[in-house]
Amino acid sequence: MTHILVVEDEPSLRQLLANNLTFEGYTVDAVGDGIPALASQQARPADLIILDLMLPEMDGFRVLHALRERQDQVPVLMLTARGAESDRVQGLSLGADDYLVKPFSVLELVARVKAILRRTRPVDRPQTMRSGPFRFNIPALEVTRQGRQLDLTPREFRLLEILVTHPGRTHSRNELLQLAWEADARPSPRTVDVHVANLRKKLEDEEGHTWIATVGREGYRWTEPVEWDAIT
Ligand code: CA
């Protein structure tokens with residue numbers, strides 16, 4: 001699994017970043033200063049570090065310098081203050097890979113993280129997996145049950161992919177709308193129910209088992225554990 005270290009001293013922003021990156025399927029360590037950042041990176045090396053430059057004890061420049069000095073080439077996305085252009089220049093010259101200027105949207109941050117990881121680790125997770133009686137091939141948009149391919153629409157596949165890649169986690173209707181529909185074409189949350197109902201019909205076995213649980217008024221959850229195939 002791809003591991004990300006978040007170094008940000010502002011607790012609410014740190015938590016927001018950690019939550020969103022965890023939601024995206026990364027494992028996340030989050031610390032509030034440079035020294036614990038270097039310790040964390042030594043104990044459990046990250047695949048990418050999100051590094052705030054302004055930190056209370058040991059700032060981001062010194063962290064970056066220390067990393068590169070010990071030959072750690074981990075990709076670094078810097079967080080900089082608005083207008084601090086000299087900071088960005090200094091950070092990039094110290095070997096940071098990219099930067100974001102505060103305040104930024106979480107969507108933009110996630111997009112930058114993915115872009116950096118694509119550049120630096122082309123294959124960051126396996127693309128095929130099994131769960132219950134199903135096998136999934138994400139890039140091919142294929143799901144089979146006991147070898148038989150199920151006939152899903154792309155939207156149904158996307159919904160299923162979101163649920164299956166976060167087993168046990170409940171997704172609200174609004175979350176599913178945001179993740180599975182384009183921003184300019186978002187219908188009402190009821191539409192999610194209609195699509196999930198169709199999806200369940202296609203997944204259902206003879207005993208009526210559909211593997212998608214309705215969680216009260218909240219949303220939906222995939223009920224089975226998932227086994228990712230090894231990267232080949
Ligand atoms: Ca700061």
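When a ligand or atom number is given, it counts from 1 through the structure's own listing order.
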Tell me which donor-acceptor pairs under 3.5 Å the side chains of residues 137-150 have, and how far apart each pair is, sequence neighbours excluded?
| residue | atom | partner | partner atom | Å |
| --- | --- | --- | --- | --- |
| Asn137 | OD1 | Ala140 | N | 3.2 |
| Arg145 | NH1 | Leu203 | O | 2.2 |
| Arg145 | NH1 | Glu204 | O | 3.3 |

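The only option from Glu8, Glu10, Arg14, Gln15 that meets the side chain to side chain donor-acceptor pair (under 3.5 Å) definition with Ser12 turns out to be Glu10.
Considering only residues two or more places apart in sequence or on other chains, Arg62 meets the salt bridge (Lys or Arg N to Asp or Glu O under 4.0 Å) condition with none of them. Annotation: salt bridge (Lys or Arg N to Asp or Glu O under 4.0 Å) contacts of Asp87 (sequence neighbours excluded): none.
Looking only at protein N/O/S atoms, the ones less than 3.0 Å from the Ca ion (ligand 1) make 3 in total.
Between the side chains of Thr214 and Arg200, a donor-acceptor pair is found at a separation under 3.5 Å.
Around atom NE2 of His65, no more than 12 heavy atoms belonging to other residues, nucleotides or ligands sit under 6.0 Å away.
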